[in-house]
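See below for the structure under consideration.
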Number of protein chains: 2
Amino acid sequence: MLGRGEDVDHEGRPERAGPASGRRQWGPVTDTDRRPPRRSQQERRETTVARLLDATIETIVEVGYYRTTVQAVCVRAGLSAGAMFRQFDSRLALIAASADEVSRRLLDLFGSAVDRLTREADPLLAALEFLREAASSPLTDVWRELMIAARTDAELLDRIREPIARFYDGIYASAEQAGLLDQIPPPAREVTLYSMVHMFSGEAMTRVVYPRPDLEPQRLRLAHQVALDPPEV
Amino acid sequence: MLGRGEDVDHEGRPERAGPASGRRQWGPVTDTDRRPPRRSQQERRETTVARLLDATIETIVEVGYYRTTVQAVCVRAGLSAGAMFRQFDSRLALIAASADEVSRRLLDLFGSAVDRLTREADPLLAALEFLREAASSPLTDVWRELMIAARTDAELLDRIREPIARFYDGIYASAEQAGLLDQIPPPAREVTLYSMVHMFSGEAMTRVVYPRPDLEPQRLRLAHQVALDPPEV
DNA sequence: CAACTTAGAGAGCAAGCGCTTCCTATCTTA
DNA sequence: TAAGATAGGAAGCGCTTGCTCTCTAAGTTG
């Protein structure tokens, strides 16, 4: 029932003719003209992979890790399963590549947010609000799906460990570099940042099954207080 | 490959003869003696259900929610799939009953711990240490598996909402009743408790993929500080 | 242009899934 | 004790899974 027979759009044709392929003049539409413009193997490959990664991430967001089947991803990407298996050795390889992509996108998100945050009136508070938003975003839903699945899947664990570490190391580096942690003594910076991430992640995770919107503003104040008065170490 | 052909023990026979069934004297073992002692239908039913719930919880802990198949549970319980479907309408019904059982066990755990904690030298610190331990226990692994799965499964969500709410309401009631939150102004008690639960849960969840044992003692201090100086609300 | 390589589609495979059906053995009841 | 109800086992159903195989169309290379 899920997406069965769905009319997939996702431009089945390349979006633009490309400057290098201007081999035709304008004129009457002939049969030859109707054919898709020439694209190199590398171009085809790259757009296919990009579409598969997009589709995988979207599918994990919408139906969760386990129901992200090869079939579901390929229908969404507008490709056949055969096409997918040409680019990736296995479903797990596709998942791993998607995890890499998620890590990259999240680091982009944090990196660009951090720049903006330092120009806010109260950078610290703005940073905490951003942290909550980020922890509630679809991309972190993917993160949680993968972390939970990895607990009982050694092979998956092995494959996502690196991108996850890159993420945690990266957000700390961003915050540090932007000076958002300047008011916190250096040895307490990591616990403080990661603990607030955990807290907001738990908030987002619990919201689904036990929503407590009344507590959320209070939690922001709690986080603010922690950041202003971090633990001695 | 996982657990394939595993030799399951789990006593396939009832564990004890039971005081009510002492119909035989000691003597030579006859064919009749080899038969299991008489048990009422209700008894059989109850032990079967209990074994299924145990097996389901253990299976979720070991292989995760999605790989907790009817087959896997029944092999572990030493029963056939048919037996399971006589007691539960569907796999989901089995899962829901197990969620109920997990809620009950966790509340027991918190309830009995809380009694002990109030007699400690520093009840607050002891409570926070217990909170961390509890958040790292197999039963809360089950909790997280179900919460993540419920995000993308409306029917599961519907079924586990109630036991989860009972859990959160219950641990707050326990802590309150034992006086563990006395030093925190009443309106700040819920945020504080639940935020620390989220924090330690995030710690446990992340430990698998990005272990930071160096930060854990610092995090306990952070929690202690939050509890001693909760947010104003 | 000819020979070769590669991208992708589509059909099909064994294995595993939740669940049903049917049968036997045990328990209950009159 | 005979008749009916129930617990549990075994086989198997339709369906989906990850993945393979084969074939065609398109790009690349000499």
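Every chain is numbered from 1, with letters handed out A, B, ... down the list of sequences. Just so it is clear, the values below take in all heavy atoms, side chains as well, and ignore hydrogens, waters and symmetry mates.
Closest to the side chain of B:Phe85, out of C:dA7, C:dC19, D:dC19, is C:dC19. Distance from the side chain of B:Ala81 is smallest to C:dC19 among D:dG18, C:dC19, C:dG8. Side-chain atoms of B:Gln41 lie closest to C:dT28 of the nucleotides C:dT28, C:dG8, D:dG27. Checking C:dA7, C:dA9, C:dC19 against every side-chain atom of B:Ser90, the shortest atom distance belongs to C:dC19. Side chain of A:Ser40, nearest nucleotide from C:dG10, D:dG9, D:dG27: D:dG27. For B:Ala83, the side-chain atoms get nearest to D:dG8 when compared with the rest of C:dG18, C:dC27, D:dG8.
Distance B:Leu79 CG to D:dA7 P: 13 Å, rounded to the nearest Å. For the pair A:Tyr66 OH and C:dC17 P, the interatomic distance rounds to 13 Å; values are reported in whole Å. The distance between atom CZ of B:Arg39 and atom P of C:dT28, rounded to the nearest whole Å, is 11 Å. Between the P atom of C:dA7 and the CD atom of A:Glu46 lies a distance of 11 Å, rounded to the nearest Å. The distance from atom CG of A:Leu52 to atom P of D:dC19 is 14 Å, rounded to the nearest whole Å. Regarding A:Arg45, its CZ atom lies at a distance of 22 Å from the P atom of D:dA25, rounded to whole Å. Spacing between atom CZ of A:Arg91 and atom P of D:dT16 amounts to 17 Å, rounded to whole angstrom units. Atom C1' of nucleotide C:dA9 and atom CZ of A:Arg44 are separated by 12 Å, given to the nearest angstrom.
A:Arg86 comes within 4.0 angstrom of a base, heavy atoms only.
The minimum heavy-atom distance between B:Arg161 and A:Val208, with the atom names listed, is NH2-O, 4.4 Å.
Taking 4.0 Å as the cut-off between side-chain N and carboxylate O, B:Asp54 and B:Arg76 do not count as a salt-bridged pair.
Phosphate contact (OP1/OP2 of D:dA7, side-chain N/O of B:Gln42, threshold under 4.0 Å): absent. Distances shorter than 4.0 Å separate some side-chain N or O of B:Gln87 from OP1 or OP2 on D:dG8. Distances shown here put every side-chain N or O of B:Thr69 at or beyond 4.0 Å from the OP1 or OP2 atom of C:dG16.
Between B:Val70 and A:Thr48, it is A:Thr48 whose nearest contact on DNA chain C lies nearer the 5' terminus.
The shortest side-chain heavy-atom distance between B:Leu94 and B:Asp89 does not fall under the 4.5 Å cut-off.
In terms of modelled atom types and a separation under 3.5 Å, the side chain of B:Arg132 and the main chain of B:Phe200 share no donor-acceptor contact. Using modelled atom types, no side-chain atom of A:Arg86 and backbone atom of A:Arg45 make a donor-acceptor pair closer than 3.5 Å.
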